[in-house]
There are 2 protein chains.
Amino acid sequence: MKRVDEIVKKLSDAGLKITPQRIAVMQSLVEAKTHPTAEETYRRVSQSIPGLSPTTVYNVLDAFVRNGIVNKVKTDAGAMRYDPVTDNHHHLYCESSDRMEDFHDPELDRLLEEYFQNKKIHGFRLKDVKLQIVGEFENSKK
Amino acid sequence: MKRVDEIVKKLSDAGLKITPQRIAVMQSLVEAKTHPTAEETYRRVSQSIPGLSPTTVYNVLDAFVRNGIVNKVKTDAGAMRYDPVTDNHHHLYCESSDRMEDFHDPELDRLLEEYFQNKKIHGFRLKDVKLQIVGEFENSKK
DNA sequence: TTTTAAATTGTACAAATTACAATTTAAAAA
DNA sequence: TTTTTAAATTGTAATTTGTACAATTTAAAA
């Protein structure tokens, strides 16, 4: 089971204790490529871990975020979403379906980096630039 | 009172009925340049309109958003924020203080427009690109 | 001035998330 | 391996943010 090993390593590297709940939550996030909410994650992970508490899912996700192995992403709709892809990327977002996908583009990143290197923003120390690319997915079946 | 006249005109142009609550909410949003939450707006506007209902603030803000004179903005922290500046712009955002400010930059917009004109994103019809510029405000008392 | 559709209000409700105390468990120490 | 301990999990309850809805009031058109 290579997948689980990788997850264990990831948790371990982040200095987190290994628990079945944490493994299952991370596995669920990685498999679902849709940036699920805490509630969606709870429903999925409950199948493999009956008796799982919603609170645990919140705690686990929070621990992941604090340790930098998951990013919180907010959309304009209801709940917070969780993204296990932490390398630099942007998001495609469709308002009508509240669907969100990753958008990787090194060329764009280079362009932005160049631009902001010369650009001084008064009174602001820049750390990161994220794009939210808003539009419509063409085959919007959720 | 030029300010109030302008606000009345803005509401009127948007096809909205003029009410003291709506005037006061819009005035509060425009004066506070910090993209306040509904709750903050409620607290402020309550000072001039005692007996104001929180529900009204939500209703009013919602009407503003539906009619395009205010934008909803979500940050990584708790509540939805409201921005009375509706021309194209981006946001500076400080995670530690949850503070947010507008960032206007026509040159950047030109750059992005150019870039995305040539860039086809498979299965996605692009409508808009927004930047969230993350960093620290230098005089940010937390 | 009258009329009426829309806005405001208050209450109750709902969803998403957090606080907290009790229990269990992972993993370090013996 | 067993013991120890700090951390993780759980369940309940509370909180925060926002919405639904019926009754009342009001802006503004007729």
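Because only heavy atoms are used, hydrogens play no part in the values below, and waters and symmetry mates are left out as well, while side chains stay in. Letters go in sequence order (proteins before strands), and every chain restarts at 1.
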Between B/Ala79 and A/Ile49, which has a closest nucleotide on DNA chain D that is more 5'?
->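 Counting from the 5' end, the first nearest nucleotide belongs to A/Ile49.
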Flag, side chain of [X] to backbone of [Y], donor-acceptor distance under 3.5 Å:
{"X": "A/Arg44", "Y": "A/Leu29", "value": "no"}
{"X": "A/His89", "Y": "A/Asp87", "value": "yes"}
{"X": "B/Ser46", "Y": "B/Tyr42", "value": "yes"}
{"X": "B/Glu40", "Y": "B/Thr37", "value": "yes"}

Looking only at non-hydrogen atoms, find the nearest pair between [X] and [Y] and report the distance.
{"X": "B/Ser48", "Y": "B/Pro50", "value": "O-CD, 3.5 Å"}
{"X": "A/Lys130", "Y": "A/Asp128", "value": "NZ-OD2, 2.8 Å"}
{"X": "A/Ile133", "Y": "B/Leu126", "value": "CG2-CD1, 3.5 Å"}
{"X": "A/Val45", "Y": "A/Ser28", "value": "CG2-CB, 3.6 Å"}

May I have the distance from [X] (atom [atom1]) to [N] (atom [atom2]), rounded to whole angstrom?
{"X": "B/Asn59", "N": "D/dT17", "atom1": "CG", "atom2": "P", "value": "18 Å"}
{"X": "B/Tyr58", "N": "D/dT16", "atom1": "OH", "atom2": "P", "value": "12 Å"}
{"X": "A/Tyr42", "N": "D/dG11", "atom1": "OH", "atom2": "C1'", "value": "11 Å"}
{"X": "B/Arg81", "N": "D/dT16", "atom1": "CZ", "atom2": "C1'", "value": "15 Å"}
{"X": "B/Asp62", "N": "D/dT17", "atom1": "CG", "atom2": "P", "value": "17 Å"}

Provide the start and end nucleotides, 5' to 3', of the part of DNA chain C that has atoms under 4.0 Å from heavy atoms of chain B.
->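 Terminal contacting nucleotides, 5' to 3': C/dA5 to C/dT11.
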Take A/His90 and A/His104 through the test ring-ring contact (aromatic ring centres under 6.0 Å, His included) and record every step on the way to the result.
-> CA-CA 6 Å; A/His90 307 282; A/His104 288 262; 8.8 Å; no
Pick one: which of B/Leu61, B/Val8, B/Ile7, B/Val60 meets side chain to side chain contact (heavy atoms under 4.5 Å, CB included) with B/Arg22?
->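 Testing B/Arg22 for a side chain to side chain contact (heavy atoms under 4.5 Å, CB included) against B/Leu61, B/Val8, B/Ile7, B/Val60 leaves exactly one candidate, B/Val60.
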DNA chain D: stems of at least 3 consecutive Watson-Crick or G-U pairs, cut-off 3.5 Å?
->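 If one scans DNA chain D for consecutive Watson-Crick or G-U pairs, the stems found are C:1-30 with D:1-30.
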Residues in contact with DNA chain D, drawn from residues 12-23 of chain A - heavy-atom cutoff 4.0 Å =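 Contacts with DNA chain D under 4.0 Å: A/Lys17, A/Thr19, A/Gln21, A/Arg22.
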Do A/Gln27 and A/Val4 come within less than 4.5 Å of each other through their side chains, counting heavy atoms only?
->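 Touching, per the 4.5 Å side-chain cut-off.
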